[in-house]
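Structure, as structure tokens:
Computed from a predicted structure; not experimentally measured. Counting convention: from 1, in listed order, for ligands and their atoms alike. Atoms considered below: every heavy atom in the structure, side chains included; atoms not considered: hydrogens, waters and symmetry mates.
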Amino acid sequence: MKSYFVRTFGCQMNKHDSERIAGLLEQRGLVVADSPETADVIVFNTCCVRETADDRLYGQVSSLKALKTGGRPDVIIAVGGCVGQRDGADVLKHAPHVDVVFGTHNIHELPALLDAAESGRPAISVLDGGDRFASDLPSARDSAWHAWVSITVGCDNHCAYCIVPTVRGPERSRALEDVVDEIAALVADGVVEVTLLGQNVNSFGRDRYGEPRFAELLRAVAATGVRRIRFATSHPKDLSDDTILAMAEVPAIMPYLHLPVQHGSNRILAAMNRRYTREQYFARIEALRTAIPGITLSTDIIVGFPGETEDDFADTLDLVGRVGFDHAFTFIYSPREGTPAAVLPEMVTREVAQERFDRLATLVRDLSFSSNEREVGAVRSCLIEGASRRDTAILAARTSHNKLVHLPVPYGMRADEMAGTVHDVRIIAAHPWFLTGEFARGQR
Ligand code: 5AD
Ligand code: SF4
């Protein structure tokens, strides 16, 4: 029996797409392999948002050349996702031993491409073939209790630094009923938590219905009975009062929001084409905290955008401190060819960017730690995700506020058997990036 291995880089959308890639391969009778080295078909689902992911991909693809030259010439290597879309046939210039290249719009063509590659000639498909959503393909989910559900693909925002609109195309929404039907089927299949995915979920429906219908979608999803609803990513300019109200009113929507701010300086926000000011961002945060007391907030921040002065960076530190995020994902600006920012002069030097990044990272760590310290003593409803990465005797669980909690596997139980169940957990200690806890009495 032939086997496959899918390696995923980048965002949650790629994780979602990888489950569909796996679904298609399993439909062809392939079984999952433990490692790329033992697989007959190896698929790289790639990311090109920043240079680091890009470099890592070509490094890893190159290292697999030895498999082919070392006695397994029939191994098929496929490169898909954002690098496949961006580079097309040029993937073969970097890595001539690649057999299949497919783009972000072509996942459904993978079986045909694999057939074509068996003849020994590379098979490439990166053209946008219309309205095919990866969500309509079979899925081999990583988890029995959680599902990624894409609601939009692509992005119309054109932030100056971002390659996503180029490699994922314009924003397209799925039909509201299709999303709800998919989630109803997932619930019937035992899924307790869904994460709705889109580059800009708040504008869901705009292209299809002429106006955003995200708040309505959230309520319709909750009506399926799914226990926990999460979503990503939200753009501050499109986060509507209706959505905040739905978050406040619907118990299944988790009290956590990832709201990328990207920068704290109005000058840089304008240069980034983010289309909001720091004052408008503060106002959204206030509205969220008023409507949903105790909501946890995370963000994305870019350091070293072209022209960023020390004063601009001070605005970022100030904004992060004032909002008091519970967590932040921080990035050093990485120029991406073809984006508007790639041609901007005044690059911040690597050293200056790194030094600013380190200062921001320290602040983020402190904020995350204090946010965790505030949890100590609280009893939180936690969804068990399975064994922790390092130790099978320790469970990893998520509070509704999206905090990771480690707690011992109860005597006589197994971590994998408990995955997907919800329990009350008392938080007993805080660490910078996670909490430790114990089962509270009166388990649910
Ligand atoms: N350089 C650095 N960070 C970037 N991001 C997107 N494009 C770039 C880039 N060119 C970051 C943004 C985005 C996150 C997914 O990646 O913060 O929200
Ligand atoms: Fe990129 Fe901006 Fe679209 Fe996010 S909203 S995917 S950062 S262009």
Side-chain angles (χ1 to χ4, degrees), residues 8-17 46-56 81-83 85-86 104 150-173 195-204 206-207 212 214 231-239 257-265 268-276 281 284 297-308 313 316 319-320 325 327-344 347-348 350 352-354 356-357 360-361 364:
T8 310
F9 295 81
C11 66
Q12 294 164 332
M13 189 65 84
N14 269 12
K15 289 186 188 156
H16 165 273
D17 289 353
T46 63
C47 170
C48 61
V49 159
R50 289 173 299 275
E51 202 177 355
T52 34
D54 222 317
D55 289 349
R56 263 179 48 219
C82 294
V83 174
Q85 186 67 40
R86 185 195 62 187
T104 51
S150 94
I151 63 167
T152 66
V153 294
C155 185
D156 288 340
N157 282 323
H158 301 282
C159 301
Y161 49 82
C162 186
I163 193 76
V164 167
T166 313
V167 288
R168 293 268 174 186
E171 182 174 278
R172 278 176 282 185
S173 302
T195 306
L196 309 179
L197 292 179
Q199 292 330 319
N200 182 10
V201 287
N202 307 96
S203 63
F204 165 81
R206 187 180 281 152
D207 56 303
F214 183 58
F231 53 88
T233 296
S234 297
H235 194 302
K237 78 175 165 54
D238 294 315
L239 174 64
L257 187 69
H258 181 61
L259 193 64
V261 66
Q262 311 295 1
H263 211 278
S265 144
I268 300 288
L269 285 172
M272 286 177 161
N273 190 30
R274 291 291 289 175
R275 288 179 278 167
Y276 53 83
Y281 188 86
R284 289 290 75 190
L297 296 165
S298 65
T299 198
D300 288 345
I301 298 165
I302 297 177
V303 173
F305 188 78
E308 182 191 74
F313 178 65
T316 290
L319 180 141
V320 171
F325 291 105
H327 186 57
F329 301 89
T330 51
F331 309 101
I332 291 184
Y333 170 69
S334 163
R336 306 281 66 201
E337 206 182 310
T339 60
V343 294
L344 292 178
M347 274 293 285
V348 176
R350 184 80 211 173
V352 169
Q354 185 65 53
R356 289 179 187 164
F357 179 87
L360 178 62
V364 167

Give the residue and atom name of whichever protein heavy atom lies nearest to atom 7 (S) of ligand 2, and the separation in Å to one decimal.
Y161 OH, 3.4 Å
The test is side-chain contact (heavy atoms from CB on, under 4.5 Å); show your working for R284 and Y276 and say whether it passes.
CA-CA 11 Å; R284 289 290 75 190; Y276 53 83; over 6 Å; no
Here the gap from K15 atom NZ to T195 atom OG1, rounded to the nearest 0.5 Å, amounts to 9.5 Å
Should Q262 be counted as touching ligand 1, given the test is an N or O pair under 3.5 Å?
yes
So OG1 of T316 and CG of L360: to nearest 0.5 Å the spacing works out to 7.5 Å
So how far is it from F313 CZ to H263 NE2, rounded to the nearest 0.5 Å?
8.0 Å
From S298 atom OG to L257 atom CG, the distance as rounded to the nearest 0.5 Å
7.5 Å
Check against side-chain contact (heavy atoms from CB on, under 4.5 Å), V348 and R356
CA-CA 10 Å; V348 176; R356 289 179 187 164; 4.1 Å; yes
Suppose I only count heavy atoms of R336 and a 4.0 Å limit; which atoms of ligand 1 are within that range?
10 (N)
Of all protein heavy atoms, the one nearest atom 5 (S) of ligand 2 is N157 ND2, 3.4 Å
Starting from atom 16 (O) of ligand 1, find the nearest protein heavy-atom neighbour and note its residue, name and distance.
R50 NH1, 2.7 Å
Quick one: look at Y161 and ligand 1, take heavy-atom pairs under 4.0 Å, and tell me if it's side chain, backbone, both or neither.
both
Charged N to carboxylate O under 4.0 angstrom, R168 versus D17?
yes
Shortest protein contact, atom 4 (Fe) of ligand 2 (heavy atom only):
Q199 O, 4.4 Å
Element-labelled atoms of ligand 2 that are located less than 4.0 Å from some non-hydrogen atom of H235:
5 (S)
Within the 4.0 Å heavy-atom shell around H158, which atoms of ligand 2 are there?
8 (S)
Atom 2 (Fe) of ligand 2: which protein heavy atom is closest, and how many Å away?
C159 SG, 2.3 Å
To the nearest 0.5 Å, what is the distance between CG (D238) and CG (N200)?
4.5 Å
min-distance protein heavy atom vs atom 1 (N) of ligand 1 -> S334 N, 2.9 Å
the protein heavy atom lying closest to atom 1 (Fe) of ligand 2 turns out to be C162 SG, 2.2 Å
To check your reading of the model: name the closest protein heavy atom to atom 18 (O) of ligand 1, its residue, and the distance in Å.
D300 OD2, 2.6 Å
For ligand 1, is there an atom lying under 4.0 Å from some heavy atom of I332?
yes
Applying a heavy-atom cut-off of 4.0 Å, say which part of P260 lies close to ligand 2: side chain, backbone, both or neither.
neither
Could you tell me how the ring of Y281 sits relative to the ring of F325: parallel (under 30°), tilted (30 to 60°) or perpendicular (over 60°)?
tilted
Of all the atoms in C155, is at least one N, O or S atom closer to atom 2 (Fe) of ligand 2 than 2.8 Å?
no
Give the minimum heavy-atom separation between S173 and S203, together with the two atoms involved.
OG-O, 4.5 Å
If you scan protein heavy atoms around atom 6 (C) of ligand 1, the nearest is V49 CG1, 3.4 Å
I'd like to know if R86 pairs up with D54 as an ion pair, taking the criterion as any Lys NZ or Arg NE/NH1/NH2 lying under 4.0 Å from an Asp or Glu carboxylate oxygen.
yes
Any atom of ligand 2 sitting under 4.0 Å from a heavy atom of R274?
yes
When you look at E51 and R336, which way does the side-chain contact (heavy atoms from CB on, under 4.5 Å) test go after all the steps?
CA-CA 8 Å; E51 202 177 355; R336 306 281 66 201; 3.5 Å; yes
Atoms in ligand 2 with a heavy atom of P165 nearer than 4.0 Å
8 (S)
Looking only at protein heavy atoms, which one is nearest to atom 4 (C) of ligand 1, and how far off is it?
I302 CD1, 3.7 Å
